[in-house]
Amino acid sequence: MCATMVRDDLLCLINNQTNSNKLVGWARPSHSPEETNARGDAALKTCLAAWDSGTFDYFISINSAKHIVTIVEMRGNQHHALVSLHVSHIAERLGIVWTMELIARANTIALDGEPDSGHMTVNFFPFQELSTEEQFEREQFGWEGFVEWNGEPGEKGIAQ
């Protein structure tokens with residue numbers, strides 16, 4: 001999984017598969033090298049905090065086989081009616097709880113007639129809040145599905 005964010009005219013790239021972070025930008029002519037480094041450090045700190053908390057502006061799924069891009073507006077939330085992001089500092093991973101509706105939409109080519117390799121489908125879903133009860137259910141699912149619980153038999157993996 002990869003996260004990209006633009007903060008203070010810098011593109012931050014975070015890749016958990018290579019465990020690397022990159023900043024792409026340019027120095028402002030009016031800034032000293034120290035100010036440029038401080039700007040980069042602050043942007044990277046903001047991006048890493050968002051990654052660690054699972055709070056993003058958008059969740060983007062790319063189906064490269066069918067040329068479908070699905071964008072879900074998250075507005076800095078971990079939960080959307082179509083998808084939830086589960087952050088576990090215990091297991092040090094980010095889990096994704098997909099709904100069946102999002103899976104179906106992310107795999108459906110929006111075209112009349114036969115699909116052509118030159119066409120691309122882009123889906124955009126504005127933010128849709130999830131009820132507190134549904135958020136709790138997804139959090140439970142996330143703990144049970146993404147984290148190995150080391151508690152007593154029969155206990156649920158609930159964050160302290």
Side-chain angles (χ1 to χ4, degrees), residues 1-25 38-110 119-160:
M1 190 166 166
C2 178
T4 59
M5 296 181 159
V6 176
R7 298 290 185 264
D8 200 16
D9 295 328
L10 293 166
L11 173 64
C12 302
L13 305 167
I14 302 171
N15 186 329
N16 70 338
Q17 293 180 348
T18 61
N19 198 27
S20 62
N21 310 309
K22 303 278 186 214
L23 283 175
V24 179
R39 180 170 63 109
D41 291 344
L44 186 58
K45 183 178 178 180
T46 299
C47 293
L48 289 172
W51 175 269
D52 289 343
S53 65
T55 53
F56 304 104
D57 297 331
Y58 300 93
F59 171 83
I60 302 171
S61 167
I62 300 172
N63 182 330
S64 58
K66 294 185 176 182
H67 307 284
I68 302 170
V69 177
T70 303
I71 304 164
V72 180
E73 183 182 33
M74 298 298 290
R75 290 190 187 168
N77 292 285
Q78 288 182 326
H79 300 283
H80 183 282
L82 298 173
V83 66
S84 290
L85 303 174
H86 177 79
V87 177
S88 168
H89 297 289
I90 295 169
E92 296 182 354
R93 66 176 74 155
L94 181 67
I96 303 170
V97 180
W98 299 75
T99 61
M100 293 307 291
E101 180 182 351
L102 184 59
I103 291 170
R105 299 289 293 273
N107 287 298
T108 301
I109 298 170
H119 291 115
M120 179 174 77
T121 298
V122 178
N123 298 310
F124 176 78
F125 298 100
F127 181 71
Q128 296 173 359
E129 195 164 350
L130 196 62
S131 72
T132 304
E133 294 81 21
E134 290 173 305
Q135 286 182 26
F136 180 77
E137 287 175 16
R138 289 194 189 167
E139 285 294 325
Q140 280 295 115
F141 178 83
W143 277 105
E144 293 167 4
F146 302 124
V147 180
E148 287 186 39
W149 180 245
N150 296 322
E152 295 296 317
E155 283 187 67
K156 300 290 183 185
I158 300 174
Q160 298 297 322

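Worth saying up front: this structure is predicted, and the values here are computed from it rather than measured.
The closest side-chain heavy-atom distance from F125 to T70 is below 4.5 Å. Counting heavy atoms from C-beta on, the side chains of L130 and H80 never come closer than 4.5 Å. Using a 4.5 Å cut-off on side-chain heavy atoms (C-beta onward), Y58 and M74 make no contact. At least one side-chain heavy atom of C47 sits under 4.5 Å from a side-chain heavy atom of I14. Looking only at side-chain heavy atoms (C-beta outward), K66 and T121 stay at 4.5 Å or farther from each other. Under the 4.5 Å side-chain criterion, counting only non-hydrogen atoms from C-beta, H86 is not in contact with I96. Proximity of L11 to L23: side-chain heavy atoms (C-beta onward) are nowhere separated by under 4.5 Å.
For K22 (side chain) and L13 (main-chain N/O), no donor-acceptor pair under 3.5 Å exists by modelled atom type. Judged by distance alone, the side chain of E73 and the main-chain N or O of F127 form a donor-acceptor pair under 3.5 Å. N123 places no side-chain N or O within donor-acceptor distance of the main-chain N or O of I71, the cut-off being under 3.5 Å. Of the possible donor and acceptor atoms, none in the side chain of Q78 sits under 3.5 Å from a partner among the backbone N and O of F56.
Using a 4.0 Å cut-off between charged nitrogen and carboxylate oxygen, R7 and D57 count as a salt-bridge pair.
We find the CD1-CG distance between I68 and N63 to be 5.0 Å, quoted to the nearest 0.5 Å. Note that CZ of R138 is 9.0 Å distant from OG of S131, once rounded to the nearest 0.5 Å. Rounding to the nearest 0.5 angstrom, the gap separating the NE2 atom in H67 from the CD1 atom in I62 is 12.0 Å. Here M5 contributes atom CE and L44 contributes atom CG; the two are 11.0 Å apart, rounded to the nearest 0.5 Å.
Donor-acceptor pairing under 3.5 Å is lacking for the side chains of Q135 and T132. A donor-acceptor contact closer than 3.5 angstrom is absent between the side chains of E129 and H79.
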- Could you go through the side chain to side chain contact (heavy atoms under 4.5 Å, CB included) check for N107 and I103 one step at a time? CA-CA 6 Å; N107 287 298; I103 291 170; 3.7 Å; yes

- Worked verdict on S84 versus F141 for side chain to side chain contact (heavy atoms under 4.5 Å, CB included): CA-CA 10 Å; S84 290; F141 178 83; over 6 Å; no

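For T4, there are no side chain to side chain donor-acceptor pair (under 3.5 Å) partners, not counting sequence neighbours. Residues satisfying the side chain to side chain donor-acceptor pair (under 3.5 Å) criterion with N77, sequence neighbours excluded, are absent altogether. With sequence neighbours excluded, no residue forms a side-chain contact (heavy atoms from CB on, under 4.5 Å) with S64.
Residue L10 comes nearest to A43 through the heavy atom pair CD1-CB, 3.8 Å, listed as atom of the first residue, atom of the second, then distance.
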